[in-house]
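Ligands are counted one by one from 1 in listed order, and the atoms in each one are counted from 1 as well. Residue numbers count from 1 along this sequence. Only this structure's heavy atoms are used, side chains among them; waters, hydrogens and symmetry mates stay out.
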Amino acid sequence: MARTDWYKDMVFYQIWPRSFCDGNGDGVGDLWGVLQKLDYVKSLGVTGIWFSPLYPSPNADFGYDVSDYRAIDPAYGDLDVFDQVVAAAHERDLKVVMDLVINHTSSEHEWFRQALADADSPYHDYYFFRRGSVDRKGRRVPPNNWDSLLGGSAWEYVEALDEYYLHTFDKAQPDLNLDNPAVRGEVEDVMRFWLDRGVDGFREDVITFVSKPQGLPSDVLGLPGSRGLRLYNCGPRLRSYLMQFRRDVLDSHDCVVVGEAPMLGARKALALTAARRGERPLDLVIGFDHMQADCMYTEYLPRPFSLRKLKRAYAQWQDALGESGWCALYLENHDHPRVVSRYGSEAFRAESAASLAASYLFQRGTPFVYQGQELGMTNVRFDSIEQVPDPQAHAHYRRVVEGGKSPEDALALVNRAGRDNARSPMQWTGEKDAGFCPKDAHEGPWVAVNPNHVEVNVAAEDDDLMSPLSFYRRAIRLRRLLPVVRSGRYHEFKRASTKLYVYARESTWSRLLVMCSFSDEPVTFHVPDTYGDLGGGVLALSNYYVTDAEADDANQLTLRPWETRVYVFGRDAVLVD
Ligand code: NOJ
């Protein structure tokens, strides 16, 4: 089947199932809840759903530790209700993308159990088991110096085998050995299993980590904390494995392949998504550069927010990917705190949610919106580390306390940087439990609800024309309407401004000008000369009431706090007039 590029016209909504909607009243989100909310998802104007892992999992990493690739976690439902969700989504013209976690399994996966039980089992070579050594003082030394990305060594010793196994994440997530053709065969079978059930593609978790260098050498140049990463990020056989998956499975299905690619620069993203000699390993890449405008590499190394850093990252990716590459556009997912609390302003919550939305939704690429982002949900503040579910947060908390800081400081860092900020229950109503659980539920939600649900919720925002929810709906509709957004060149103005982000998309017949204030104060703005006065265009989107006179007035305007406006010029303007 010929490969199509429908994904370029898509807008995805990401569902992190545990916190989206609890249909059966046990306090945990599930697929019955998803079924109830598909009309809501559709109402946003999105065209597809990415489900974070639904597979059975002991939840050492909340689904990213898979113990069975061919089933649904009983907490979320079963294959029958999954099939119903796919059918109901398709009835509404929503595509369904599954998460696929193949860098590692859970340590409770049957393959790993067998690998541990018997060094001669074929499953032993599904993972990286290696002998360590003993130093002069008689202490055991792991096979190399790689770090787990969650802290400590990437190797765990197994007494019974007198061997270590590799885990680039938690020790409950042993790395799969994709150099073993049998493992690649298993991955292909898993892909077929879900494609045959009707899914429309995969979001491949840390896919750029799956090819480890031959001999697993120590990393003498890597920074402590991420030693090894340099060697296996975009490792030697990554391209060949991805192309094998294309040839053997994906090319014969009309599906999309989204690759998560931490620490990958825009040039490498281009190499993975642009066709070269008929090969295109991935359709689009999830990059991270723009998620570091207030931190160094990870939110756990915080820095003050810099709009210029954000704009540089945006521009680097837009410019580098140009006409041939393709990327995911996003500001939130289950791995990052809420963007209003990071890059926006909680004091101007609704306004900044909208300005941030416009800052990325009209770029070149495929937008993703994460559950609750469309409401302008903000970070949660936990009162104690015991309330925080994410093991990653606990690892950082321990590191900070062991480094001599107070527990209060460590908790403040977790509250700023933690992933649970994005994993609190979706806020459906202002009622008890934010309407996340059914009214007669026996259990409350599995994790604390953000107290601001009394104001920030779907029911309250639904009929409010100035709410983030209404803005997202209008912005998504506009994006899908305008051909210039798919193909126009990216051009940025006011690069040096620390208060404004202004960009344009330009094609032969149409132009789009997007202005986003990132300031709690009014900012005066001179319209670029090439756009003359704005009266030549149509104001297609804004987050404040703008009078006709204000909309057309001259070539200088004062944007109110976090104001955003989108103007369309030329042929596409007819579509919005
Ligand atoms: C990326 C996922 O998005 C994240 O949640 C997970 O912890 C790591 N990969 C490891 O699977």
Might you work through the ring-ring contact (aromatic ring centres under 6.0 Å, His included) test for Phe112 and His167, ending with a clear yes or no? CA-CA 12 Å; Phe112 193 70; His167 59 89; 9.9 Å; no
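- In this model, no donor atom of one side chain and acceptor atom of the other lie less than 3.5 Å apart for Ser57 and Asp73.
- Under the rule for a side chain to side chain donor-acceptor pair (under 3.5 Å), the partners of Glu186 that lie at least two apart in sequence or sit in another chain are Tyr126.
- Remark: Lys311 pairs with no residue by the side chain to side chain donor-acceptor pair (under 3.5 Å) rule, at least two apart or across chains.
- Near ligand 1, Asp61, Tyr64, His104, Phe169, Arg203, Asp205, Val206, Glu260, His334, Asp335, Arg419, Arg423 each place a heavy atom less than 4.0 angstrom from the ligand.
- With respect to Arg419 and Asp61, a salt bridge is recorded, a charged nitrogen being found less than 4.0 Å from a carboxylate O.
- Among pairs with a residue in residues 381-403, those fulfilling ring pair (Phe, Tyr, Trp, His ring centres under 6.0 Å) read Tyr300-His396, at least two apart in sequence or across chains.
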